[in-house]
There are 2 protein chains.
Amino acid sequence: MGATKTDHFTDKQNELAIIIKALAHPARIAIVEYLLTVNTCICGDIVNELPLAQPTISQHLKELKNAGLIQGNIEGNAVCYCINPKIFKKLEKLMDELFKSIKKQKNTCC
Amino acid sequence: MGATKTDHFTDKQNELAIIIKALAHPARIAIVEYLLTVNTCICGDIVNELPLAQPTISQHLKELKNAGLIQGNIEGNAVCYCINPKIFKKLEKLMDELFKSIKKQKNTCC
DNA sequence: ATTTAATATCGCAATATTACGATAAAAGAT
DNA sequence: ATCTTTTATCGTAATATTGCGATATTAAAT
């Protein structure tokens, strides 16, 4: 085993899980937060900012990109990464649905 | 390797990552959603609801519990699981901070 | 053309996750 | 006391993730 049984869950559940999973690592959260502090989307000085080796950062960037959370555009020599607000909006919507139904729930718990 | 280098990131980043990670699996999202549909917090019929074996569910419940997202109270024979709104509120707050700074950002991207 | 700089990819080791059968533990039912 | 039900834990196999050194790739700089 080791592989998630995605086929048994709804598309929505899988979609949310994929987006969330991409954010489920402190380095990737740090990358996203860093991209938010630099208004112009600076590229690979993320490597200088974070305490991880260049290949590791590159891998995390790839995962964020695969989930659609960031974009990478080639600019000559370097690559310019930036937030993709679209997917974050989708995430916000999905999470809001969750948060709303939690607030609706009568807390008659155990 | 294989172990996350948590010590290099901020407490906030690690905390958010832990909560998010607990939700980063369709089965665990499904469990949370199921707990929200049954107002009275029913216990182990989660096993009947989801297409996974009982030990697998038990393991997922443990992870949700470890992250504080759900609670489990023993009721005689059975165990009664339910949402813990506290941690969801914390999650909502942390995510809201993220979403807000995304909206603030001028989208002068690449 | 060669060198330099910035990223990506490969390959690997260490560890974590996912899933489940078998079994244990605890409480209720007979 | 024994059986049944419910849940947790153990052990294990399959796979995924994390991290990084070494190397490839690409484009700019000399």
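In this text the structure is predicted, and so the values were computed from the model without any measurement.
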Side chain to side chain contact (heavy atoms under 4.5 Å, CB included) between B/Asn14 and A/Ile29: does it pass, once the steps are laid out?
CA-CA 9 Å; B/Asn14 285 316; A/Ile29 292 175; over 6 Å; no
What one-letter contact string describes nucleotides 1-11 of chain D from 5' to 3', where B marks a base within less than 4.0 Å of any protein heavy atom, S marks contact via sugar-phosphate atoms alone, and - marks no contact?
----BSBBB--
Got a sec, which pairs hit side-chain hydrogen bond (donor to acceptor under 3.5 Å, both in side chains) with one end in residues 93-103 of chain B, sequence neighbours left out?
A/Glu92-B/Lys103, B/Lys12-B/Glu97
Given A/Leu50 and A/Tyr34, is the side chain to side chain contact (heavy atoms under 4.5 Å, CB included) satisfied, shown in steps?
CA-CA 9 Å; A/Leu50 296 196; A/Tyr34 178 70; 5.8 Å; no
Looking for any heavy atom pair under 4.0 Å, which part of the strands does B/Leu52 touch: base, sugar-phosphate only, or nothing?
sugar-phosphate
How long is the gap from NZ on A/Lys21 to CG on A/Asn66, to the nearest 0.5 Å?
12.0 Å
Which residues within residues 15-29 of chain A lie with some heavy atom under 4.0 Å of an atom in DNA chain D?
A/Lys21, A/His25, A/Arg28
dist A/Thr4:OG1 -> A/Ile18:CD1 (nearest 0.5 Å) comes out at 9.5 Å
Using whole Å, what does the distance between atom P of nucleotide C/dA19 and atom CZ of A/Phe9 come to?
7 Å
Would you mind telling me which residue lines up with the more 5' stretch of DNA chain D, A/Ile74 or A/Pro51, judged by nearest nucleotide?
A/Pro51
Tell me whether the OP1 or OP2 atom of C/dT17 has a side-chain N or O from B/His60 closer than 4.0 Å.
no
Euclidean distance, atom CD1 of residue B/Ile31 to atom P of C/dA19 [Å, nearest integer]
10 Å
Calculate the interatomic distance between A/Glu63 atom CD and C/dA8 atom C1'; express it in whole Å.
14 Å
For B/Ile57 and C/dT17, give me the distance from atom CD1 to atom P, rounded to whole Å.
18 Å
Got a list of side-chain donor-acceptor pairs under 3.5 Å for residues 54-62 of chain B, not counting sequence neighbours?
unit_1: B/His60; atom_1: ND1; unit_2: B/Arg28; atom_2: NH1; d: 2.9

In a table with atom names and distances, give each donor-acceptor pair under 3.5 Å that connects a side chain of residues 70-90 of chain A to protein atoms at least two apart or in another chain.
unit_1: A/Asn84; atom_1: OD1; unit_2: A/Lys86; atom_2: N; d: 3.3
unit_1: A/Asn84; atom_1: ND2; unit_2: A/Gly68; atom_2: O; d: 3.0
unit_1: A/Lys90; atom_1: NZ; unit_2: A/Glu15; atom_2: OE2; d: 2.7

Check the pair B/Val47, B/Leu52 against side chain to side chain contact (heavy atoms under 4.5 Å, CB included), reporting the backbone distance first and the verdict last.
CA-CA 7 Å; B/Val47 174; B/Leu52 293 169; over 6 Å; no
Tell me which pairs pass salt bridge (Lys or Arg N to Asp or Glu O under 4.0 Å) where either residue lies in residues 47-58 of chain B, with sequence neighbours left out.
none
5'-most contact on DNA chain D: A/Thr4 or A/Gly76, nearest heavy atom basis?
A/Thr4
Rounding to a whole Å, what distance do you find between B/Asn66:CG and C/dT18:P?
13 Å
